[in-house]
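Counting from 1, the numbers follow the sequence of the chain as shown. A quick note: this is a predicted structure, and the numbers were derived from the prediction, not measured.
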Amino acid sequence: ENYYLFSENFNKPHTKLPLIAFGCWMGQFYLNVLEYRKHGNDVDKKKANFGLIHIIHSSNLVKVFLIVYGIVVLNLTTLIPFTANKEAYSWTRTENALYNAFAKFGYITPIMGLLA
């Protein structure tokens, strides 16, 4: 049964720590984006040392990449378990473990890319 997959692996604290750390990092990144948006002109933004955020906001190529990445990864993460939803026991324990391990990052990173 895949029920034991949750009780043995995904409910343990050591499996949640990387996601908590990643969530804190993304929260800090979003607060930096909000602070970046408060600055007036590009000269002030460059002086305030917002390296990566300034590149994201000033380059149209990066913006298009983040939008396409966000849409593709969100759709993949949402549509991949369609076969498992249709037949509950069609996935093996390994497939369930891999999906559950990567699905959370598959939802967090595209949303943060779209918010940036």
Gap separating the [atom1] atom of [X] from the [atom2] atom of [Y], nearest 0.5 angstrom:
X: K104; Y: Y99; atom1: NZ; atom2: OH; value: 10.5 Å
X: M26; Y: I111; atom1: CE; atom2: CD1; value: 11.5 Å
X: T77; Y: F105; atom1: OG1; atom2: CZ; value: 12.0 Å
X: W91; Y: I80; atom1: CH2; atom2: CD1; value: 6.5 Å
X: F29; Y: Y36; atom1: CZ; atom2: OH; value: 11.0 Å
X: I53; Y: S58; atom1: CD1; atom2: OG; value: 11.5 Å

Can you name the nearest heavy-atom pair linking L74 to P110, along with the distance?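 For L74 versus P110, the nearest heavy atoms are CG-CB, 3.8 Å.
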Nearest heavy-atom neighbours spanning Y69 and T109: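 Minimum heavy-atom separation between Y69 and T109: OH-OG1, 3.1 Å.
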Same cluster or not: [X] versus [Y], using hydrophobic residues (I, L, V, M, F, W, Y) connected whenever any side-chain heavy atoms lie under 4.5 Å apart?
X: L76; Y: L79; answer: no
X: W25; Y: L34; answer: yes
X: V64; Y: L52; answer: yes

Do Y107 and T78 come close enough that some side-chain heavy atom pair is under 4.5 Å?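 Y107 reaches T78 side chain to side chain.
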